[in-house]
Protein chains: 2
Amino acid sequence: MKKDKVSSAVIRRLPRYYRHLNDLYLAGVERISSNALGKSMGLTASQIRQDLSCFGGFGQQGYGYNIENLRGEISDILGMNRGHNAVILGAGNLGRALMENFHFERSGVALSAAFDVAPDVVGQRLSGVPVHHVDQLEEYLGQHPASIGVLTVPRSVANRIAGRLVASGVKGIWNFTNIELTVDAPDIVIENVHFADSLLALSYMISEVP
Amino acid sequence: MKKDKVSSAVIRRLPRYYRHLNDLYLAGVERISSNALGKSMGLTASQIRQDLSCFGGFGQQGYGYNIENLRGEISDILGMNRGHNAVILGAGNLGRALMENFHFERSGVALSAAFDVAPDVVGQRLSGVPVHHVDQLEEYLGQHPASIGVLTVPRSVANRIAGRLVASGVKGIWNFTNIELTVDAPDIVIENVHFADSLLALSYMISEVP
DNA sequence: TAGATTGTTAATCGATTAACAATC
DNA sequence: TAGATTGTTAATCGATTAACAATC
């Protein structure tokens with residue numbers, strides 16, 4: 001299904017496609033043309049057809065795309081149906097906010113455990129997720145493999161923990177720490193969520209020359 | 001200082017330049033060449049020189065760039081010294097996590113107030129920031145103008161609140177809700193932090209074809 | 001059938017990389 | 001001065017847009 005090398009620009013648009021298609025699906029819409037979808041997303045019809053053609057022909061001439069079907073295809077492409085498991089490292093404010101507010105399962109990811117060092121949280125459950133001591137990370141992952149590690153630990157321990165995650169078989173790290181991780185393993189994917197970078201880009205854009 | 005139209009690719013790299021230069025600065029390094037900086041950031045020296053030349057010539061032949069100076073120039077370019085004020089809308093888990101963990105001031109932004117509707121939080125201070133009732137938003141912003149609104153409210157009220165922020169003079173919205181805001185005002189900048197999009201991109205990248 | 005709309009090939013546009021004269 | 005390194009111009013590469021035959 002996945003052809004050749006898909007450019008990073010396309011990969012970044014896929015989740016947006018999914019989100020829009022899901023909204024349309026939940027609103028009960030049945031079909032849409034690349035033209036209409038483009039208008040609602042601020043893209044050209046050409047680009048949408050070009051993007052989708054990286055993965056296959058999901059449309060039909062004269063009809064457009066069936067929304068339920070296309071939504072399903074894109075969720076497959078995104079790996080939402082692969083049963084990815086995740087563990088979260090760091091149950092501080094941000095970690096808890098993610099556990100309590102972010103719906104991992106809506107992205108097809110199961111959050112199975114959290115790890116921290118603070119005695120007041122180890123042993124508890126947060127939003128139904130058990131919190132273990134970081135010392136038990138390797139043992140836990142040995143028994144319950146996970147493909148994603150969510151990193152919400154302090155900056156100072158980020159690289160060490162990242163290394164342990166990778167050594168325990170994690171394939172991707174969702175990095176919320178504000179450092180650029182240096183993981184040397186070749187096939188490990190790092191996805192950074194750099195709040196400060198985002199805010200600074202916003203700051204730039206609203207800072208007109210006087 | 002800001003020339004022509006700076007491409008979005010360049011804008012997205014600027015905060016990374018700042019972060020790296022700041023790290024080097026704090027480590028006491030004095031100068032760096034585009035070559036060395038490129039190596040440490042995973043960019044080509046050419047690209048760095050090309051990027052910086054959008055804003056001026058900050059280097060010196062045979063020497064490279066003075067780190068303290070370049071860091072300062074980039075912080076200016078990013079608007080970090082414009083005294084931007086921000087208010088945060090929604091003091092739930094995510095809003096609190098931002099207030100307690102994210103250092104707005106390190107991006108040159110002052111967080112002056114939070115707004116919520118929950119009686120148990122209105123009137124309190126969180127990390128030193130006073131929490132007001134959303135009903136007082138317009139009155140507050142009338143007296144304490146802010147250029148940035150941080151949106152951590154539930155999805156259902158996001159667009160309504162965004163409209164009120166814009167009507168009260170906010171120039172940019174840092175949007176943490178998982179919807180695409182529809183703000184019709186022309187010069188308003190929306191910066192989205194879509195967690196799900198980020199996680200799905202990661203999911204795609206670790207989902208090899210079987 | 002006629003109209004609509006796809007998937008794909010070709011054309012354009014923009015961003016990245018390479019090259020090099022200028023100069024510290 | 002000689003070596004290093006910039007800023008900038010030209011060349012290359014890749015991504016977006018346009019066009020259109022195929023076809024539902």
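Just so you know, these numbers use all the heavy atoms, side chains as well, and skip hydrogens, waters and symmetry mates. Below, chain A is the first sequence line, B the second, and so on; all start at residue 1.
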Self-check item: Nearest heavy atoms of Ser75(B) and Tyr18(B), plus distance in Å
Solution: CB-CE1, 3.7 Å
Under 3.5 Å donor-acceptor, [X] side chain and [Y] backbone:
| X | Y | result |
| --- | --- | --- |
| Ser168(B) | Glu138(B) | no |
| Arg164(B) | Val134(B) | yes |
| Asp116(B) | Val131(B) | no |
| Arg16(A) | Met41(A) | yes |
| Ser203(A) | Leu78(B) | yes |

Length of the [atom1]-[atom2] vector between [X] and [N], whole Å:
| X | N | atom1 | atom2 | value |
| --- | --- | --- | --- | --- |
| Ile32(B) | dT5(D) | CD1 | P | 11 Å |
| Gln47(A) | dC13(C) | CD | C1' | 13 Å |
| Phe58(A) | dT6(C) | CZ | P | 14 Å |
| Asn66(B) | dT6(D) | CG | P | 13 Å |
| Leu52(B) | dT16(C) | CG | P | 13 Å |
| Asn69(B) | dT6(D) | CG | C1' | 14 Å |
| Leu37(A) | dA4(C) | CG | P | 19 Å |
| Ile48(A) | dA15(D) | CD1 | C1' | 16 Å |

Self-check item: Within residues 153-191 of chain A or reaching into it, pairs that qualify as ring pair (Phe, Tyr, Trp, His ring centres under 6.0 Å) - sequence neighbours excluded
Solution: Phe102(A)-Trp174(A), Trp174(A)-Phe176(A), Phe176(A)-Phe195(B)
Self-check item: DNA chain C stem ranges, 3 or more consecutive Watson-Crick or G-U pairs under 3.5 angstrom
Solution: C:3-24 with D:3-24
Quiz item: Is the number of heavy atoms from other residues, nucleotides or ligands under 6.0 Å of Glu30(A) CD greater than 12?
Solution: no
Practice problem: State which residue, out of Asn22(A), Asp23(A), Asn66(A), fulfils the side-chain hydrogen bond (donor to acceptor under 3.5 Å, both in side chains) condition with Arg71(A). | Solution: Asn22(A)
Quiz item: Hey, is the side chain of Tyr65(A) poking within less than 4.0 Å of OP1 or OP2 on dG7(C), counting only N and O atoms?
Solution: yes
Quiz prompt | Earlier contact from the 5' end, DNA chain D, for Ser8(A) and Asn35(B) | solution = Asn35(B)
Self-check item: Summary of protein contacts for nucleotides 18-24 of chain C, nucleotide by nucleotide, where a base hit scores B, a sugar-phosphate-only hit scores S (4.0 Å, heavy atoms)
Solution: BBB-BBB
